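Below is one structure, written out as structure tokens, with a few remarks after it.
Just so it is clear: chains get the letters A, B, ... in the order the sequence lines come, proteins before strands, and each one is counted from 1. Since the structure is predicted, the reported quantities are computational estimates derived from the model, not experimental observations.
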Amino acid sequence: MKRTRVRNILQAEAPFGRIMVKGWARTRRDSKGVSFIELNDGSCLANVQLVVDGASPAAQVLPEAAVGAAILAVGEMVPSPGKGQKFEIRVEELTVLGPAPEDYPLQKKRHSDEFLRTIAHLRPRTNKYGALLRIRSDLSFAIHRFFRERDFHYVQTPVLTGSDCEGAGELFRVTTLDGAAAGEAPRAGDFFGKPAYLTVSGQLEAELLCLGVGDVYTFGPTFRAENSNTPRHAAEFWMVEPEMAFADLEDNMNLAEALVRNLASFALEQCEEDLALFDRFVSPGLFESIRHTAETAFVRITHAEAVGVLAASGRDFQFPVDPEMDLQTEHERFLCEEHFKAPVVVRDYPASIKPFYMRLNEDGATVGAMDVLAPGVGEIVGGSAREERLDVLQARARACGLEEASYWWYLDTRRFGSAPHAGFGMGFERLIMMLTGVGNIRDVIPFPRTPNHLEF
RNA sequence: UCCCCGGUAGCUCAAUCGGCAGAGCGGGUGGCUGUUAACCACUAGGUUCGCGGUUCAAGUCCGUGCCGGGGAGCCA
């Protein structure tokens with residue numbers, strides 16, 4: 001007999017007859033002559049109710065069928081006489097596949113996020129993390145669907161890189177040698193014969209690919225060795241990085257906005273049951289906020305205009321508002337959470353604070369960069385038009401102190417058939433944070449990697 | 001890395017001015033003819049994060065280390 005998923009049972013129009021279910025007991029309630037087991041198999045948030053008659057042979061194994069136990073049940077699916085569920089299963093055969101002794105750490109009641117992080121191997125069995133995993137899965141699919149509908153190619157860029165000019169933070173060194181000390185120069189005999197790192201971005205390689213096959217995107221893990229201790233940073237996280245050929249900053253902003261709004265709509269349509277948990281317990285008003293993101297055009301301003309808004313606000317910021325400097329977190333929060341109360345796209349940043357590959361604007365002082373700032377999570381997208389003019393690119397790289405020899409291949413693409421192109425990176429975990437209202441990145445990734453944390 | 005806050009039962013927390021360490025939930029046992037985070041009764045459960053100090057007396061005050069959280073920087 002093939003097992004039936006709980007999701008299919010709960011969505012059924014009519015009973016299926018005699019079925020088999022397998023899952024984990026979330027709770028058991030005993031009366032004198034009857035016991036109820038709430039069974040969850042991860043196919044959806046809700047449980048199916050198993051009804052065990054106290055006089056039936058199945059009742060013999062009830063003591064083992066405690067909270068947390070893995071259970072197999074066979075019985076008749078029938079309309080439920082009780083309130084709270086359409087159908088239930090009258091159990092005929094009950095088998096405990098894997099008992100859960102009394103030291104099973106998960107209670108029927110709510111646990112703190114901090115505690116659950118210490119048992120990340122068991123937290124997928126909670127409602128909240130089960131919901132998060134399903135939402136991550138659905139949104140991954142939605143990302144692929146979004147780009148496929150727009151004729152993008154899904155490309156794979158390397159995780160191992162020899163390029164140290166990526167300009168996006170500290171890198172993890174990769175070595176096969178024992179005793180490679182921190183800060184030590186790479187030694188002879190190492191695997192690649194040159195320093196190797198974990199990638200901080202697939203962007204540079206995605207650019208090369210986009211200049212051959214047109215619009216592409218990557219979706220994969222990236223690594224930052226920054227000692228960042230905040231609820232929004234992890235050392236390993238997933239990024240979506242589209243790169244468009246023959247595109248400019250305007251195209252880039254349009255794509256970023258379309259992507260974020262499309263994913264918000266998708267979440268509302270496909271993840272409603274799971275999102276309802278977050279709307280109720282984690283972030284009241286979440287549905288309204290997602291709907292607003294999906295339906296409302298993003299605010300678009302230049303960096304200079306943003307500085308003007310901040311200066312005119314009369315607000316006493318801790319850091320000065322300076323047209324030559326980057327926006328501070330307090331500035332970004334003010335813009336999207338208080339002033340505009342919506343996602344804000346800020347463009348045309350001062351060249352001096354941005355990496356060499358961003359396209360220099362006609363004013364010679366700013367670059368065609370754009371960040372999407374989202375209420376609650378801050379920068380969710382960062383991107384730019386890429387500098388396609390060889391001489392300008394070389395001058396910018398020199399100003400940033402880069403050696404031409406280490407990125408000759410990148411320059412080659414500007415030497416041969418160079419074309420305008422643009423792209424961005426969207427942090428997948430930050431998107432999930434925005435769409436679930438979860439405040440800590442460690443709670444939207446199954447096994448978070450942060451400074452001093454490499455458990456599981 | 002810097003600043004602030006915290007660490008008490010398995011979990012979530014309380015403990016007044018330094019004066020006998022507690023509750024709810026969870027666990028165990030028993031009860032209850034259909035429950036919905038079931039309910040009722042009884043019960044077990046403590047290195048108050050570690051080390052050092054002040055004091056007649058420290059969960060409480062001081063020093064230090066470790067761990068957690070929030071904010072900042074860096075960024076997605």
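Put simply, the side chain of A:Arg232 and the base of B:rC74 share no donor and acceptor less than 3.5 Å apart. One N or O donor and one acceptor, one from the side chain of A:His233 and one from the base of B:rC75, sit under 3.5 Å apart.
Residue A:Ser35 is classed as having no contact, given no heavy-atom separation below 4.0 Å to the nucleic acid. Looking at heavy-atom distances under 4.0 Å, A:Asp371 makes no contact with the nucleic acid at all. Within 4.0 Å of A:Val381, counting heavy atoms only, lie sugar-phosphate atoms of the nucleic acid but no base atom. Contacts of A:Met239 with the nucleic acid, taken as non-hydrogen atoms under 4.0 Å apart, involve only primed sugar atoms and P, OP1 or OP2. Base engagement by A:Gln107 is indicated by at least one non-hydrogen atom pair under 4.0 Å involving a base atom.
B:rU43 and B:rC25 have their P atoms separated by 15 Å, given to the nearest Å. Remark: the separation of the C1' atoms in B:rC32 and B:rC39 is 8 Å, to the nearest Å. Taking atom P on both nucleotides, B:rA57 is separated from B:rC20 by 15 Å, rounded to a whole Å. Rounded to the nearest Å, the gap between the C1' atom of B:rU8 and that of B:rG24 is 15 Å. Atom P of B:rU16 sits at a distance of 13 Å from the matching atom of B:rG7, rounded to the whole Å. Rounded to whole Å, the C1' atom of B:rC67 lies 37 Å from the corresponding atom of B:rU29. Comparing the C1' positions of B:rA15 and B:rC51 gives a spacing of 25 Å, expressed to the nearest Å. Going from the P atom of B:rG19 to that of B:rG30 covers 42 Å, rounded to whole Å.
Spacing between atom CD of A:Glu236 and atom P of B:rA76 amounts to 17 Å, rounded to whole angstrom units. In this entry the distance linking CG of A:Leu122 with P of B:rG10 reads 17 Å, nearest Å. Between the CZ atom of A:Phe424 and the C1' atom of B:rC75 there is a distance of 17 Å, given to the nearest Å. Between the CD1 atom of A:Ile37 and the P atom of B:rU36 there is a distance of 16 Å, rounded to whole Å. Spacing between atom OH of A:Tyr349 and atom P of B:rA76 amounts to 10 Å, rounded to whole angstrom units. Residue A:Asp326 contributes atom CG, which lies 14 Å from atom C1' of B:rA72 at whole-angstrom precision. Between A:Leu277 atom CG and B:rA37 atom C1' the separation is 13 Å, expressed in whole Å. One interatomic measurement links the two molecules: CZ of A:Arg333 to P of B:rC75, which rounds to 18 Å at whole-angstrom precision.
The residue among A:Gly382 and A:Arg28 whose nearest nucleotide of RNA chain B lies closer to the 5′ end is A:Arg28. Taking the nucleotide of RNA chain B with the nearest heavy atom to each of A:Gln328 and A:Gly439, the more 5' of the two is matched to A:Gly439.
In this structure, B:rA41 and B:rU29 make a Watson-Crick or G-U wobble pair, each of the two defining distances being under 3.5 angstrom. Pair assignment for B:rU60: none, as no Watson-Crick or G-U wobble contacts are both less than 3.5 Å. Judged by Watson-Crick or G-U wobble contacts below 3.5 Å, the nucleotide B:rG24 has B:rC11 as its partner. With a 3.5 Å ceiling on both atom-pair distances, B:rC74 lacks any Watson-Crick or G-U wobble partner. In this structure B:rG46 sits in no base pair that meets the Watson-Crick or G-U test at under 3.5 Å.
Side-chain nitrogen and oxygen atoms of A:Asn229 include none within less than 4.0 Å of the OP1 or OP2 phosphate oxygen of B:rC74. Regarding contacts with the backbone of B:rC25, every side-chain N or O of A:His111 stays at 4.0 angstrom or more from both OP1 and OP2. The phosphate of B:rA76 has neither OP1 nor OP2 within less than 4.0 Å of any side-chain N or O from A:Ser201. In this structure, A:Arg442 reaches the B:rG69 phosphate: one of its side-chain N or O atoms is under 4.0 Å from OP1 or OP2.
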Could you go through the ring-ring contact (aromatic ring centres under 6.0 Å, His included) check for A:Tyr197 and A:Phe172 one step at a time? CA-CA 5 Å; A:Tyr197 308 94; A:Phe172 284 103; over 10 Å; no

Let me see the working for A:Phe87 and A:Phe16 under ring-ring contact (aromatic ring centres under 6.0 Å, His included), right down to the final yes or no. CA-CA 10 Å; A:Phe87 299 111; A:Phe16 296 153; 7.7 Å; no

Step by step, would you call A:Phe317 with A:Phe334 a ring-ring contact (aromatic ring centres under 6.0 Å, His included)? CA-CA 10 Å; A:Phe317 293 108; A:Phe334 175 81; 5.6 Å; yes

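Remark: of the listed residues A:Thr27, A:Asn40, A:Asp41, A:Asn40 is the sole one forming a side-chain hydrogen bond (donor to acceptor under 3.5 Å, both in side chains) with A:Asn47.
A cation-pi geometry, defined here as NZ or CZ lying under 6.0 Å from the six-membered ring centre and within 45° of its normal, holds between A:Arg150 and A:Phe146.
B:rA76 has no base stacking with the ring of A:Phe428 when judged by centroids under 5.5 angstrom apart and an interplanar angle below 30°.
Here A:Arg347 pairs with A:Glu250 in a salt bridge; the nearest charged N to carboxylate O distance falls below 4.0 Å. For A:Arg430 and A:Glu379, the salt-bridge test fails: no basic side-chain N is under 4.0 Å from an acidic carboxylate O.
Other residues, nucleotides and ligands contribute at most 12 non-hydrogen atoms within 6.0 Å of the CZ atom of A:Arg148.
Pairs of residues two or more places apart, or lying in two chains, that qualify as side-chain hydrogen bond (donor to acceptor under 3.5 Å, both in side chains) and include a residue from residues 272-285 of chain A are A:Arg134-A:Asp274.
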Distances under 3.5 Å only, N/O to N/O: pair up the protein atoms with those of nucleotides 27-35 of chain B.
| unit_1 | atom_1 | unit_2 | atom_2 | d |
| --- | --- | --- | --- | --- |
| B:rC32 | OP1 | A:Lys32 | NZ | 3.0 |
| B:rC32 | OP2 | A:Lys32 | NZ | 3.2 |
| B:rG34 | OP1 | A:Ser31 | OG | 2.7 |
| B:rG34 | O6 | A:Arg90 | NH1 | 2.6 |
| B:rG34 | O6 | A:Arg90 | NH2 | 2.9 |
| B:rG34 | N1 | A:Glu88 | OE2 | 2.8 |
| B:rG34 | N2 | A:Glu88 | OE1 | 2.5 |
| B:rG34 | N2 | A:Glu88 | OE2 | 3.1 |
| B:rU35 | O2' | A:Arg29 | NE | 3.1 |
| B:rU35 | O2 | A:Arg29 | NE | 2.7 |
| B:rU35 | O2 | A:Arg29 | NH2 | 2.8 |
| B:rU35 | O2 | A:Gln49 | OE1 | 3.4 |
| B:rU35 | N3 | A:Gln49 | OE1 | 2.9 |
| B:rU35 | N3 | A:Gln49 | NE2 | 3.0 |
| B:rU35 | O4 | A:Gln49 | NE2 | 2.7 |
| B:rU35 | O4 | A:Gln85 | NE2 | 3.4 |

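Here A:His331 contributes atom NE2 and A:Gln318 contributes atom CD; the two are 9.0 Å apart, rounded to the nearest 0.5 Å.
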